[in-house]
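Below: the structure, in structure tokens.
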Amino acid sequence: MFKTRLASGVVLVILALLFIIHGGYLLLTVLGIISLIGMYELYRVLKVEKTIGIAGYIAAVLYFLNLAFDFLPDMMVLIMGFLIVCMCIFVFGYPRFHASQVFGTFFGFFYVAVMLSCIYLTRSLSGGVYLVWLIFLCSWGCDTSAYCFGMLFGKHKMSPVLSPKKSVEGAVGGVAGAFVLTLIYGFIFRSSMDADVPYIMMMGAICAAGALISMVGDLAASAIKRNYEIKDYGKLIPGHGGILDRFDSVIFTAPIIYYLSLYLIPMVQI
């Protein structure tokens, strides 16, 4: 299992490098496909993947098309329109769907498609070719650092019911590890980024904040699985599970990194 997980992880990293470095429509298309698969995994748990979930897939496709071609005057038109569609299906199809399924359909669109799209939005920022990697440094880097620190120093349970193996010490180590990894990353690519020390320190602070949120994302995905009594969302990625099992923390960190980079990075560029 470890070899399978390692091999899958290496392949994922290579693919991430190729798609993110290329950016543009290729990255947007790949994120759109990943989002649709992730939504299908969640909708399958809710048992709406072949019914009301179809409206969610259509909304996601329209959302990504709008990111590419910008044909809507305001993205809220799509989001509110999709919510109204969900409620219409609920009302006129009553009692076929439970309210939780309708709410879950809307939630799945926003939770997976909208939040994952922030990877593309971060890549599109000025300096985004470097900033986008903070998303993965603060999610996967935090996860690895937290595991190591937790194994060595973990004594106090962070969430004893939901995830008994996670500790407060591991969480602190995860945030610190993500911060240090970002500083190392920043200084390695300092010349390429044309960055000074305050810029790199801001990157580290943004990544630390993202790392803190990434643990919430991981636990949130676990909580959903516990509620529905499933082990994994899928089996698409050998040794890792489904898209949502691998990208659970990335889903949360992507918007955090995007908005913090959008508003804080310019402050150290003045």
Side-chain angles (χ1 to χ4, degrees), residues 5 8-9 12 31-60 63 79 82-83 86-87 89-90 96-119 135-136 138-140 142-144 146-147 150 157-168 170-171 174 210-257:
R5 185 179 177 87
S8 297
L12 284 174
L31 287 173
I33 294 171
I34 289 174
S35 295
L36 288 173
I37 296 172
M39 289 172 66
Y40 175 80
E41 291 175 350
L42 183 59
Y43 287 168
R44 185 171 54 192
V45 173
L46 300 173
K47 295 181 172 55
V48 297
E49 75 277 14
K50 296 179 181 179
T51 53
I52 189 175
I54 295 173
Y57 307 141
I58 294 172
Y63 174 77
I79 295 174
F82 176 50
L83 178 59
C86 287
M87 298 310 295
I89 294 174
F90 181 41
R96 184 179 180 185
F97 301 107
H98 191 276
S100 62
Q101 292 177 306
V102 179
F103 301 154
T105 301
F106 180 80
F107 168 77
F109 159 70
F110 201 92
Y111 172 61
V112 183
V114 175
M115 293 179 76
L116 270 181
S117 72
C118 289
I119 296 175
I135 295 172
F136 301 96
C138 73
S139 54
W140 296 345
C142 173
D143 186 50
T144 302
Y147 175 79
K157 303 297 182 182
M158 184 171 67
S159 182
V161 177
L162 183 57
S163 187
K165 294 183 179 180
K166 294 185 184 297
S167 65
V168 174
L212 195 62
I213 299 300
S214 75
M215 289 180 280
V216 177
D218 184 31
L219 291 171
S222 297
I224 295 173
K225 288 190 285 187
R226 289 288 184 91
N227 277 175
Y228 288 91
E229 299 180 345
I230 59 172
K231 184 178 184 297
D232 294 314
Y233 284 103
K235 299 179 180 179
L236 182 65
I237 308 172
H240 292 270
I243 289 294
L244 295 183
D245 295 297
R246 182 63 278 178
F247 288 84
D248 51 5
S249 57
V250 172
I251 286 173
F252 268 63
T253 58
I256 296 299
I257 297 301

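This one's a predicted model, so the numbers in the text were calculated from it and none came from an experiment. Only heavy atoms go into these numbers, but all of them, side chains included; no hydrogens, no water, no symmetry mates. Residue numbers start at 1 and run along the sequence shown.
- Rounding to the nearest 0.5 Å places CD1 of I213 at 14.5 Å from CD1 of I251.
- Within the 4.5 Å cutoff, the side chain of I243 has no heavy atoms near those of the Y233 side chain.
- Here the straight-line distance linking atom CG of L219 with atom CE of M158 works out to 5.0 Å at 0.5 Å rounding.
- Looking at N227, its side chain never comes within 3.5 Å of a backbone N or O of I224 through a donor-acceptor pair.
- When F110, F106, Y63 are each tested for a ring-ring contact (aromatic ring centres under 6.0 Å, His included) with F82, only one passes: F106.
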- Apply side chain to side chain contact (heavy atoms under 4.5 Å, CB included) to the pair I119 and F136, showing each step before the final yes or no. CA-CA 10 Å; I119 296 175; F136 301 96; 4.2 Å; yes

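- The heavy-atom pair separating S167 from G150 by the smallest distance is OG-CA, 3.7 Å.
- Sorted by first and then second residue, the side chain to side chain donor-acceptor pair (under 3.5 Å) pairs with a member in residues 33-57 form an empty list; sequence neighbours excluded.
- For the atom pair L31 CG and L36 CG, the distance stands at 11.0 Å (nearest 0.5 Å).
- In plain terms, the two heavy atoms of I89 and A55 that are nearest each other are CD1-CB, 4.2 Å.
- Residue F109 comes nearest to M39 through the heavy atom pair CA-CE, 3.8 Å, listed as atom of the first residue, atom of the second, then distance.
- The heavy-atom pair separating G53 from T105 by the smallest distance is CA-CG2, 4.3 Å.
- The CD1 atom of I257 sits 8.5 Å away from the OG atom of S139 when rounded to the nearest 0.5 Å.
- Taking the six-membered ring where tryptophan is involved, the planes of Y111 and F107 are essentially parallel, since the angle between them stays under 30° and well short of 60°.
- Nearest heavy atoms, W140 versus S249: CD1-OG, 4.4 Å.
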- Message: I'd like to know whether V102 forms a side chain to side chain contact (heavy atoms under 4.5 Å, CB included) with I52, so could you lay out the CA-CA distance, the side-chain angles of the two residues, the decisive distance to 0.1 Å, and finally the verdict.
- Response: CA-CA 8 Å; V102 179; I52 189 175; 4.1 Å; yes

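- A heavy-atom distance below 4.5 Å is found between the side chains of Y228 and L46.
- Distance alone, capped at 3.5 Å, is enough to place a donor-acceptor pair between the S214 side chain and the C138 backbone.
- Looking at D232 and K225, their side chains come closer than 4.5 Å, going by heavy atoms from C-beta outward.
- Considering CZ of F90 and NE2 of H98, their distance stands at 7.5 Å, rounded to 0.5 Å.
- Here CG of L116 is found 9.5 Å from CD1 of I135. Values are rounded to the nearest 0.5 Å.
- In terms of heavy-atom proximity, I34 sits nearest to F247 at CD1-CZ, 4.5 Å.
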